[in-house]
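Position 1 is the first residue of the sequence, and the numbers go up from there.
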Amino acid sequence: MWLARMFLLLAIVAEVAGTSTMSLISSEGSNWGYWVMYGLICISYFFLSLAAKKIAIGVAYALWEGLGIALITLVSVFVFDAQLNAQEFIGLAMAAVGIVLVTLGENHAQVSTVNTSA
């Protein structure tokens with residue numbers, strides 16, 4: 001299971017890097033950035049597919065999307081000097097709570113399955 005979580009983490013990092021490249025493409029205007037962006041997003045989907053072999057697809061996708069959004073927001077604030085208003089901070093906090101709940105629900109489901117079969 002730890003390998004599947006590592007694959008999921010790699011998928012999230014590749015997604016964040018690929019999406020962050022979009023801002024660099026718009027500022028530089030060169031074509032190489034598109035290839036980097038597409039490559040990173042393809043790598044992200046590849047690692048997501050590997051993670052989904054051991055992690056339920058709904059849980060894997062929710063974590064990939066939720067953590068990706070949170071990390072992309074942090075990158076945009078700290079790297080690209082984006083400003084967030086109160087509503088956006090509340091939304092980000094709600095996404096973090098949702099990620100925690102989904103993750104806890106996955107662990108709880110695994111424990112209950114083990115207990116019922118014993």
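In this structure, E15 and S44 approach most closely via the heavy-atom pair CB-OG, 3.4 Å. L48 approaches A11 most closely through the heavy-atom pair N-CB, 3.6 Å. Shortest non-hydrogen contact noted between A4 and A51 is O-CB, 3.4 Å. Taking every heavy atom of both residues into account, M22 and M37 meet most closely at CG-SD, 3.2 Å. E88 and Q83 make their closest contact through OE1-O, 3.8 Å (heavy atoms, listed as atom of the first residue, atom of the second, distance).
Note: W64 and Y45 meet the aromatic proximity criterion, with ring centroids under 6.0 Å apart.
Taking hydrophobic clusters as Ile, Leu, Val, Met, Phe, Trp and Tyr residues chained together by side-chain heavy-atom distances below 4.5 Å, L50 shares a cluster with L10. Cluster membership check: L84 does not share its hydrophobic cluster with I90, using side-chain heavy-atom separations under 4.5 Å among Ile, Leu, Val, Met, Phe, Trp and Tyr. Transitive grouping of hydrophobic side chains (ILVMFWY, heavy atoms separated by less than 4.5 Å) brings I41 and Y61 into a common cluster. Tracing side-chain contacts under 4.5 Å through hydrophobic residues (I, L, V, M, F, W, Y), one never reaches W2 starting from I12; they form parts of separate clusters. By the criterion of side-chain heavy atoms lying less than 4.5 angstrom apart, applied directly or through intervening Ile, Leu, Val, Met, Phe, Trp or Tyr residues, V13 is not grouped with L40; the two fall into different hydrophobic clusters.
Atom CZ in F47 sits 10.5 Å away from atom CG in L9 (nearest 0.5 Å). Atoms CG and CG, on L63 and L8 in that order, are 5.5 Å from each other to the nearest 0.5 Å.
Remark: the backbone N or O of V16 is not paired with any side-chain donor or acceptor of T19 at under 3.5 angstrom.
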Pairs of donor and acceptor atoms involving the side chains of residues 66-78, under 3.5 Å and at least two apart or interchain, shall be tabulated with distances.
{"residue": "T73", "atom": "OG1", "partner": "I69", "partner atom": "O", "Å": "2.8"}
{"residue": "S76", "atom": "OG", "partner": "I72", "partner atom": "O", "Å": "3.4"}
{"residue": "S76", "atom": "OG", "partner": "T73", "partner atom": "O", "Å": "2.7"}

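Taking the six-membered ring where tryptophan is involved, the planes of Y38 and W35 are perpendicular, since the angle between them exceeds 60° and thus also 30°.
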